[in-house]
2 protein chains.
Amino acid sequence: MNEVPITQRIECENCPLNDIPHLRPLEDSQRSLISTLKTGEMTAPAGATVLVEGSGNAYLFSILSGWGFRYKTLDDGRRQILNYVFPGDVIGLQGSLMDEMQHSIEALSPLVLCVFQKTDLPKLFSNLPQLAYDLTWLTAREEIMLDEHLLSVGQRSALERTAYLIAFLHQRARAARMLEGQKSIPVTQQHLADTLGLSIVHTNKTLRRLAILKALRWEKGGCTVLDETILLHISGWEGLPALKRPYI
Amino acid sequence: MNEVPITQRIECENCPLNDIPHLRPLEDSQRSLISTLKTGEMTAPAGATVLVEGSGNAYLFSILSGWGFRYKTLDDGRRQILNYVFPGDVIGLQGSLMDEMQHSIEALSPLVLCVFQKTDLPKLFSNLPQLAYDLTWLTAREEIMLDEHLLSVGQRSALERTAYLIAFLHQRARAARMLEGQKSIPVTQQHLADTLGLSIVHTNKTLRRLAILKALRWEKGGCTVLDETILLHISGWEGLPALKRPYI
DNA sequence: CGCCCGGTTGACACACCTCAACAAGGGTGG
DNA sequence: CCACCCTTGTTGAGGTGTGTCAACCGGGCG
């Protein structure tokens, strides 16, 4: 499933990321430089494993469309979902900077990925300092999200934690314009449980409490946020900083 | 306590970091360039808060000596320790890249910090691509550690988690040459509890179990690892990748 | 039709939390 | 020098949040 043919189809001028208001627009000169680095595209169906822990993959990807998640597993199968990935996110950087990936990535919905060669990374730092800066910015932003997840799993109760997670996914998805047309967040309760560090049964009961509070509605294969204010209030989370983020 | 006088005392050629074998040595040209960016030094006594969540600090620091930790708190006082910082680590990058810090940093032992101006960061990316690359490398490494912490807090049992944390601190401290002369890890059980997401009482009982297994010994104000193999075995952790890491 | 997957619910178990009391230092002030 | 307090660590008893087990439901799909 990692062997999907790589072909270039979308030109960078028509990149779907250009239309997402949450992303800081690229200058034309930057875009043309990026387009020289772009190797091609890759698609992955929902449920596919895009990157595998322990592998030393040769590519760096930027997500053009779709949902996915990063995770690690223990030997006996316990799985921790670390974070979710959205259009504009860069994945595979670990495999490019270090020798191998320390986590895996799986598609939640069909993914379209923009492919770069990991060997171009030093070139990017030498020739495109602004893009290198953006890349570091994105990595620092990932750290901010992980910090909040860790605070959540370590200190918040099941109800607080679940409210936080749903609000987090809602904010990120909305920023990426992925909830237009009443679309819901495409996760199973097992995904949420593995993110929260809770059992699936308790996750279910906690979600029902939030549904009774009219904070969300569970639909087949996903959930829809009805009242983000309640979720933020329950979790005591302030929400993501409203920064225009760069992309590559 | 954030107002310790800033003065330059140590020349970069005599930087204590040069002597730590775990760090990839700088080339002379790099070191001289860094020395032009170095603004001075700052010291902080044990227990001092070096950086505060929500502040937009003007500096970027590299740790020359001492132990510290990063943490976040909830409104009602619950605290989650996110990670520990060691000599060679860079802190304050969030305040430099974004508007403000999303976490605080406190000194566990007296800290000596090397101070850089945050406004020099774009200059560093433009003029010193290798150092910018190293900075990104360090950020990616921080992400790897956070991923493992999250896996730990989310999925591992109290015993597994505690074993992991002690082994982790031991490996990092040893790499930084901070355990020479029978020195122990200078944390209280409250620190460990706040890292593990456990109560202090249960942390105490779990540490005693590990002590009975002869994996560690608790001493006044810290712990000493007696048998790292046991800790790794209990936690099912493979240890930190043995990479020579860069520093700035 | 029948199977499988995802979601729901109740009963019960247990890992971990809270409360509480105490011990051993270390620091400080008289 | 002692007296006192505060911090840190230790231990027991009992409570609870969350896990485990198990049964069932509905829909999608072969």
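Naming convention: chains lettered A, B, ... in sequence-line order (proteins, then strands); numbering from 1 in each chain. Quick caveat, the model's predicted, so the values are computed rather than measured. Only heavy atoms go into these numbers, but all of them, side chains included; no hydrogens, no water, no symmetry mates.
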Test side chain to side chain contact (heavy atoms under 4.5 Å, CB included) applied to His170(B) and Leu165(B), Leu231(B), Val225(B), Leu216(B), the passing residue
Val225(B)

Please classify the nucleic acid contact of Thr188(B) as base, sugar-phosphate, or nothing, using heavy-atom distances under 4.0 Å.
sugar-phosphate

Report yes if the distance between the aromatic ring centroids of Phe86(B) and Trp67(B) is under 6.0 Å, otherwise no.
yes

DNA chain C-proximal residues of residues 205-223 of chain A, any heavy atom under 4.0 Å:
Lys205(A), Arg208(A), Trp218(A)

Heavy-atom distance under 4.5 Å between the side chains of Met98(B) and Ile144(A), does that happen here?
yes

Tell me whether the side-chain N/O atoms of Asn204(B) come closer than 4.0 Å to OP1 or OP2 in dT10(D).
yes

Does the side chain of Gln190(B) get closer than 4.0 angstrom to OP1 or OP2 of dG9(D) through an N or O atom?
no

On DNA chain D, does the nearest nucleotide to Val201(A) precede the nearest nucleotide to Leu159(A) from the 5' side, or the other way round? Give the residue.
Leu159(A)

For atom CD of Glu180(A), is the number of surrounding heavy atoms from other residues, nucleotides or ligands below 6.0 Å larger than 12?
yes

Does any donor atom in the side chain of Glu228(B) or Gln171(B) lie under 3.5 Å from an acceptor atom in the other side chain?
yes

Only one of Arg156(B), Glu148(B), Gln155(B) passes side-chain hydrogen bond (donor to acceptor under 3.5 Å, both in side chains) with Gln80(A); say which it is.
Gln155(B)

Does any donor atom in the side chain of Thr195(B) or Tyr84(B) lie under 3.5 Å from an acceptor atom in the other side chain?
yes

Name the nucleic acid region contacted by Leu198(A), choosing base, sugar-phosphate or nothing; use a 4.0 angstrom heavy-atom cut-off, strictly under.
sugar-phosphate

Within residues 76-85 of chain B, the residues having a heavy atom closer than 4.0 Å to DNA chain D are none

Take the C1' atoms of the five end pairs on each side of the helix from dC1(C)-dG30(D) to dG30(C)-dC1(D), derive the two axes, and give their angle rounded to 10 degrees.
30°

Got Phe168(A) and His149(A) here, is their nearest side-chain heavy-atom distance under 4.5 Å?
yes

For the side chain of Asp194(B) and the backbone of His191(B), is there at least one donor-acceptor N/O pair under 3.5 Å apart?
no

